[in-house]
Q: 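Have a look at this one.
Please read all numbers here as calculations on a predicted model, not as lab measurements.
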Amino acid sequence: MMMAGTYKTLTNTFSSFPFTTKPQNPLTTHCTNPSFPSSRLRHRAICAVANPVQPPQIATESTTPGQYRVDVLSESLPFIQKFRGKTIVVKYGGAAMKSPDLQASVINDLVLLSCVGLRPVMVHGGGPEINTWLGRLNIPAVFRDGLRVTDADTMEIVSMVLVGKVNKTLVSLINKAGATAVGLSGLDGRLLTARPSPKAADLGFVGEVARVDPAVLRSLIDTNHIPVVTSVAADESGQPYNINADTVAGELAAALGAEKLILLTDVAGILEDRNDPNSLVKKIDIKGVKKMVEEGKVGGGMIPKVNCCVRSLAQGVTTASIIDGRVPHSLLLEILTDEGAGTMITG
């Protein structure tokens, strides 16, 4: 396991791809004329990407910045080979959606992964943006048991914000970063069919996923597009519903036979002790995580995320990860390193 000091050494000296403590905006920044590592740097500190078979190489004054960057890329090769051609579903939200720097980091990661042969699908919600627009229209935001109460007026705003604003903004950013994205809601191509939540009497137009038809996604993925899906869908009668984005991501991952489901969150991952941020569980299987839920070690907002992961794994997804979206380039850390960026759950 990489020591914290080693990570700090790398991130303070190697200011661009792949990991950095001060993420550059990939939409405006080019990797030209990077500063050369300090003369104090003697040992290479590649963040868990290093091939364990080979001893660490020595960085000398004659090592060029270009060579340093090539070494990092070459050590990512086994991970790229593992995931090349595989579908990964990423649920985007939380702090990574609120911070412009973290948003740029996620967009850059998705585009890079697409460029090296992975097949990413992005799923997003947009709670903070919804709250902002409800406030502008003097519509109170009401929550019960952590779920948004969605009456007819609120549902109209949810659809407008998620489908018309947040989704198209993300599509635009991905396109600007060099990939080709297509924005969808659950209504498009009958991608998702909704049904009312069992708590519909209390929550209004809050729904669940009744059926998934991934045909429209497959055609996009097969032509190297990045689908960007928002969590609004309609029932058989055409009534729109607001659906939890984690749930949508899990159901899409299962329907697509994805290699990996990744949920970006505002916490480090699953903690052995909820009061100790240093007690991160790096890897656990379904049996183990269910036991943690039964023992009360997993609670609150983490329970639906864990249930989402367990359900997707039960339907054939290979691994599911809950990662810290507050960490710059957390997607690359999770996919292209052994260290990861949170908790990985296996079947």
Q: Regarding Lys287 and Asp285, does a basic nitrogen lie under 4.0 Å from an acidic carboxylate oxygen?
A: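 Result for this pair is no, no salt bridge flagged.
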
Q: Donor-acceptor pair, Ser105 side chain versus Asp101 backbone, under 3.5 Å?
A: no

Q: Where the side chain of Ser159 meets the backbone of Glu156, is there a donor-acceptor pair that is under 3.5 Å apart?
A: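 No, Ser159 side chain to Glu156 backbone: no donor-acceptor pair under 3.5 Å.
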
Q: Does His225 reach the side chain of Ile174, with side-chain heavy atoms less than 4.5 Å apart?
A: no

Q: Check Ile221 against Pro227 and note the closest heavy-atom contact, atom names and distance.
A: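 Looking at all heavy atoms of both residues, the shortest contact is CG1-CG, 3.9 Å.
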
Q: Between the side chain of Thr132 and the main-chain N/O of Pro128, is any donor-acceptor distance below 3.5 Å?
A: yes

Q: Would Leu332 and Leu113 satisfy side chain to side chain contact (heavy atoms under 4.5 Å, CB included), going step by step from the backbone distance to the final call?
A: CA-CA 8 Å; Leu332 295 187; Leu113 293 172; 3.9 Å; yes

Q: Look at the side chain of Arg190 and the backbone N and O of Val216, then say whether any donor-acceptor pair between them is shorter than 3.5 Å.
A: no

Q: Side-chain heavy atoms nearer than 4.5 Å, only ILVMFWY residues, links allowed to pass through others: does that put Ile80 and Ile226 together?
A: yes

Q: Does Ile270 offer a backbone N or O that forms a donor-acceptor pair with the side chain of Thr343 under 3.5 Å?
A: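 Confirmed, Thr343 side chain pairs with Ile270 backbone.
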
Q: Kindly give the heavy-atom pair with the smallest separation between Ser185 and Val163, and that separation in Å.
A: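 Ser185 and Val163 have their closest heavy atoms at CB-CG2, 4.0 Å.
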
Q: Would Glu339 and Lys282 count as a side chain to side chain contact (heavy atoms under 4.5 Å, CB included) here? Give the steps.
A: CA-CA 8 Å; Glu339 181 69 10; Lys282 298 293 295 183; 4.0 Å; yes

Q: Indicate the atoms forming the closest heavy-atom contact of Gly325 with Leu264, along with that distance.
A: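 Nearest pair, atom of Gly325 first, then Leu264: CA-CD2, 3.9 Å.
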
Q: Check whether any side-chain heavy atom of Val248 sits under 4.5 Å from a side-chain heavy atom of Lys91, and report yes or no.
A: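 Result no, sub-4.5 Å side-chain heavy-atom pair not found.
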
Q: Tell me, do Thr319 and Leu261 make a side-chain contact under 4.5 Å, heavy atoms counted?
A: no

Q: Determine, stepwise, if the pair Asn131 / Arg148 fulfils side chain to side chain donor-acceptor pair (under 3.5 Å).
A: CA-CA 10 Å; Asn131 291 341; Arg148 184 186 301 278; 2.8 Å; yes

Q: Quick one: CG on Asp273 to CG on Asn278, what's the gap to the nearest 0.5 Å?
A: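 Rounded to the nearest 0.5 Å, the CG-CG separation comes to 10.0 Å.
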
Q: Applying the side chain to side chain contact (heavy atoms under 4.5 Å, CB included) criterion to Leu331, which one of Leu336, Asn108, Ile262 satisfies it?
A: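 The passing option is Ile262.
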
Q: Scan side-chain atoms only and decide if Thr154 and Asp151 contain a donor-acceptor pair under the 3.5 Å cut-off.
A: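 There is such a pair between these side chains.
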
Q: Which value, rounded to the nearest 0.5 Å, describes the distance between Phe79 atom CZ and Ile335 atom CD1?
A: 11.5 Å

Q: Hey, does Met302 have a side-chain heavy atom less than 4.5 Å from the side chain of Ile322?
A: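 Heavy-atom side-chain distance check passes, below 4.5 Å.
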
Q: Donor-acceptor pair, Thr223 side chain versus Ser219 backbone, under 3.5 Å?
A: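 Yes, the answer is positive, given that a donor and an acceptor are paired below the 3.5 Å cut-off.
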
Q: Between the main-chain N or O of Ile323 and the side-chain N or O of Ser321, is there a donor-acceptor pair closer than 3.5 Å?
A: no

Q: Do Gln239 and Phe205 come within less than 4.5 Å of each other through their side chains, counting heavy atoms only?
A: yes

Q: With a 4.5 Å cut-off on side-chain heavy atoms, are Glu208 and Tyr241 touching?
A: no

Q: Out of curiosity, Ile303 CD1 to Met292 CE, how far, rounded to the nearest 0.5 Å?
A: 11.0 Å

Q: For a quick test of reading the model, state the closest non-hydrogen atom pair linking Arg84 to Gly117 and the distance between them.
A: NH1-CA, 3.5 Å

Q: Do Val70 and Glu75 pass the side chain to side chain contact (heavy atoms under 4.5 Å, CB included) test, and can you show the C-alpha distance, the side-chain angles, and the key distance before you say yes or no?
A: CA-CA 9 Å; Val70 165; Glu75 289 168 346; over 6 Å; no

Q: If we check side chain to side chain contact (heavy atoms under 4.5 Å, CB included) with Leu333, which of these qualifies: Val327, Asp338, Asp324, Asp109?
A: Val327

Q: Say whether Leu280 and Val306 are linked into one hydrophobic cluster, either directly or through other cluster members, by side-chain heavy-atom distances under 4.5 angstrom.
A: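 In one cluster: no.
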
Q: Between Ser114 (side chain) and Leu110 (backbone), is there a donor-acceptor pair under 3.5 Å?
A: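 No; judged by distance alone, with no hydrogens or angles, the pair does not exist.
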
Q: Where do Ser237 and Asp235 land on the side chain to side chain donor-acceptor pair (under 3.5 Å) test, with the steps shown first?
A: CA-CA 5 Å; Ser237 70; Asp235 63 14; 2.7 Å; yes

Q: How far apart are the closest heavy atoms of Glu272 and Val281, and which atoms are they?
A: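 Smallest heavy-atom distance, with atoms named: N-CG2, 3.8 Å.
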
Q: Ignoring hydrogens and angles, tell me if any N or O in the side chain of Asp202 forms a donor-acceptor pair with the backbone of Lys199 under 3.5 Å.
A: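 Answer holds: no.
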
Q: Say you draw a straight line from OG1 of Thr247 to NZ of Lys305; how long is it, rounded to the nearest 0.5 Å?
A: 9.5 Å

Q: So does Asn167 get a backbone contact from the side chain of Thr230, meaning a donor-acceptor N/O pair under 3.5 Å?
A: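 Not confirmed, Thr230 side chain does not pair with Asn167 backbone.
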
Q: Heavy-atom count around Arg311 CZ within 6.0 Å, excluding the residue itself: above 12?
A: no

Q: If we only count heavy atoms from C-beta on, is the Val298 to Leu271 side-chain gap below 4.5 Å?
A: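 They are not in side-chain contact.
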
Q: Working to the nearest 0.5 angstrom, can you tell me the gap between Ile107 CD1 and Leu102 CG?
A: 11.5 Å

Q: Between His124 and Val228, does a side chain to side chain contact (heavy atoms under 4.5 Å, CB included) hold up when you go through it step by step?
A: CA-CA 8 Å; His124 70 87; Val228 181; 3.7 Å; yes

Q: Say whether Leu220 and Leu252 are linked into one hydrophobic cluster, either directly or through other cluster members, by side-chain heavy-atom distances under 4.5 angstrom.
A: yes

Q: Is the shortest side-chain N to carboxylate O distance from Glu236 to Arg195 below 4.0 Å?
A: no

Q: Are Leu162 and Leu173 grouped together when hydrophobic residues (ILVMFWY) are joined by side-chain heavy atoms under 4.5 angstrom apart?
A: yes

Q: Are Lys260 and Glu334 within salt-bridge range, i.e. N to O under 4.0 Å?
A: yes

Q: Could you walk me through whether Asn175 and Ser172 pass the side chain to side chain donor-acceptor pair (under 3.5 Å) check?
A: CA-CA 5 Å; Asn175 289 344; Ser172 177; over 6 Å; no

Q: Ignoring hydrogens, what is the shortest heavy-atom contact between Leu256 and Pro214? Give both atom names and the distance.
A: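 Taking every non-hydrogen atom into account, CD2-CB, 3.8 Å.
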
Q: Quick check on Lys168: does its NZ atom have over 12 non-hydrogen neighbours (other residues, nucleotides or ligands) under 6.0 Å away?
A: yes

Q: Quick one: does Leu170's side chain get under 4.5 Å of Met122's, heavy atoms only?
A: yes

Q: Can you tell me how far CD1 of Ile345 sits from CD1 of Ile286, rounded to the nearest 0.5 angstrom?
A: 8.0 Å

